[in-house]
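Beneath this line is the structure, given in structure tokens, with notes to follow.
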Amino acid sequence: MPDSSVIRGRFAPSPTGPLHFGSLVAALGSFLSAKSRGGQWLLRVEDLDTPRNVPGAEESLLACLESFGLSWDGPVTRQSERIPLYQAALERLLAAGQAYPCGCSRQDVAGLYPGTCRKGLPKGRETRSFRFKVNNLPICFKDELYGTLCQDLERQVGDFVVRRADGPFAYQLAVVVDDAAQGVTEVVRGADLLDSTPRQVALQAALGLPTPRYLHLPLVRTREGEKLSKQTGAAAVTPDAATLRAALAHLGQPAPPERLGNNLKLMIEYATEYFDYKRIKTDEIPATLAPAAV
Ligand code: GLU
């Protein structure tokens, strides 16, 4: 059992390309949040979506983090090496009647999944994927910056896939299993994942796992307003002082003094000492979530 008295954050990149400015912000924000409070920072490579993995991306991500002085605690973990844990979680959900085999293809399901296979596979259909059974109670969670947000999973998401038809376990399940197994106490990541959090909180409840502290960081956007990502042509970052300063500014943190020059290690030390998450700005709340009525 991981020691729950330790603050433990994590960065969980998918190895789909080199570190870009958006992923640097997520790495830096999660690092500073944990380290400024004397915690640990873990590195987990989320490589379950094998068709999207890019050869060499993991090595390049790790080398870039190290060059910035963002050193992680303990060994790097890889989701591809943890499949039995996800399988065990799926079996628990199935045994508890909280997940079910689904025989529908993606073409069968336009929009919200109508629950076709909830009461068993229709005749002549084989299991393709496994879905988590949602209910109509709102799922709420507290984000340090956004306050309490709620989502009606039944209306906004529907029964969602926990193991895909093409084999891999879904991100939503794997992330919940790993964060708990690794004793992660806080999840600090991009605001694009705000909308995934209620699904993760529902899975935690179903599996009897603790809910970590959540803090979602402002997204880095392209000039057209899209999330910066490999798909929107994000360039690899160069580990230099100007990039680190820009990432700190994006997080609303004070600029390291000029006397530190271009020394990345000293700049990270300074940023850790003066980190205050309350200076981080929020994005708009996604339309699929609603602030809890007070
Ligand atoms: N692997 C996810 C991504 O790269 C991040 C997951 C998370 O931080 O929960 O977008």
Side-chain angles (χ1 to χ4, degrees), residues 8-34 39-54 57-58 60-62 64-65 70 72 76-83 85-86 89 141 143-146 149 160-162 164 168-204 207 209-221 226-232 234 236-237 251 277 280 283 286 289:
R8 205 173 278 125
R10 54 42 161 207
F11 177 50
S14 307
T16 53
L19 198 74
H20 58 74
F21 190 68
S23 41
L24 171 65
V25 164
L28 185 62
S30 55
F31 176 95
L32 294 175
S33 175
Q40 298 177 344
W41 186 65
L42 309 183
L43 188 61
R44 183 173 74 229
V45 178
E46 302 211 321
D47 57 354
L48 287 182
D49 195 355
T50 32
R52 291 182 62 227
N53 291 345
V54 171
E58 177 184 322
S60 130
L61 283 165
L62 302 195
C64 193
L65 291 170
L70 298 171
W72 52 91
V76 174
T77 49
R78 286 172 201 86
Q79 290 190 322
S80 55
E81 293 161 4
R82 301 164 68 82
I83 308 284
L85 287 179
Y86 315 136
F141 68 97
D143 180 279
E144 292 297 326
L145 298 169
Y146 290 83
L149 297 175
F160 58 89
V161 171
V162 284
R164 289 175 9 189
F169 287 92
Y171 156 70
Q172 308 291 358
L173 180 66
V175 77
V176 160
V177 169
D178 283 338
D179 284 338
Q182 296 185 291
V184 166
T185 60
E186 59 173 37
V187 169
V188 178
R189 59 186 178 187
D192 54 324
L193 292 166
L194 269 174
D195 177 61
S196 286
T197 310
R199 269 169 275 179
Q200 296 171 14
V201 170
L203 284 170
Q204 287 153 4
L207 291 165
L209 301 175
T211 292
R213 172 177 184 252
Y214 284 107
L215 195 160
H216 287 86
L217 305 169
L219 287 187
V220 179
R221 295 185 184 278
E226 285 175 280
K227 179 197 165 197
L228 193 66
S229 68
K230 211 182 115 219
Q231 288 73 26
T232 55
V237 283
L251 292 169
Y277 75 88
I280 302 173
D283 282 345
L289 294 166

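Every number for a ligand or one of its atoms is a count from 1 in the order of the listing.
The two residues L219 and A191 make their nearest non-hydrogen contact at CD2-N, 3.7 Å. Among all heavy-atom pairs drawn from L217 and A26, the shortest one is CD1-CA, 3.8 Å. Minimum interatomic distance between R8 and L42 (heavy atoms only, all atoms of both residues): CD-CD1, 3.5 Å.
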For residues 193-201, please give each side-chain donor-acceptor pair under 3.5 Å, one per line with the distance, not counting sequence neighbours.
residue: D195; atom: OD1; partner: Q151; partner atom: NE2; Å: 3.0
residue: D195; atom: OD1; partner: T288; partner atom: OG1; Å: 2.5
residue: D195; atom: OD2; partner: R199; partner atom: NH2; Å: 3.3
residue: S196; atom: OG; partner: Q172; partner atom: NE2; Å: 3.2
residue: T197; atom: OG1; partner: R189; partner atom: NH2; Å: 3.0
residue: T197; atom: OG1; partner: L193; partner atom: O; Å: 2.9
residue: T197; atom: OG1; partner: L194; partner atom: O; Å: 3.3
residue: T197; atom: OG1; partner: H216; partner atom: NE2; Å: 3.4
residue: R199; atom: NH2; partner: D195; partner atom: O; Å: 3.4
residue: Q200; atom: OE1; partner: R189; partner atom: NH1; Å: 3.0
residue: Q200; atom: OE1; partner: R189; partner atom: NH2; Å: 3.0
residue: Q200; atom: NE2; partner: Y171; partner atom: OH; Å: 3.2
residue: Q200; atom: NE2; partner: Q172; partner atom: OE1; Å: 2.9

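In this model, no donor atom of one side chain and acceptor atom of the other lie less than 3.5 Å apart for D283 and Y146. With hydrogens and angles left out, the side-chain atoms of S14 and E46 include no donor and acceptor closer than 3.5 Å.
Contacts of F11 with ligand 1, taken as heavy-atom pairs under 4.0 Å, are absent altogether. Residue-level proximity to ligand 1 for V187 is absent, since no heavy atom of it falls below 4.0 angstrom.
Shown in contact with V175 at under 4.0 Å from a heavy atom are these atoms of ligand 1, numbered in order with element: 9 (O). Near Y171, with a cut-off below 4.0 Å to any heavy atom, the atoms of ligand 1 are 6 (C), 7 (C), 9 (O). Atoms of ligand 1 lying under 4.0 Å from at least one heavy atom of R10, given by number and element, are 7 (C), 8 (O), 9 (O).
Nearest to atom 2 (C) of ligand 1 by heavy-atom distance, out of R189, E46, H216, is E46.
Taking any N or O of A12, backbone or side chain, at least one lies under 3.5 Å from an N or O belonging to ligand 1.
The protein non-hydrogen atom at the shortest distance from atom 4 (O) of ligand 1 is S14 OG, 3.1 Å.
Distances shorter than 4.0 angstrom do not occur between any heavy atom of Q200 and any atom of ligand 1.
Here R78 pairs with E58 in a salt bridge; the nearest charged N to carboxylate O distance falls below 4.0 Å.
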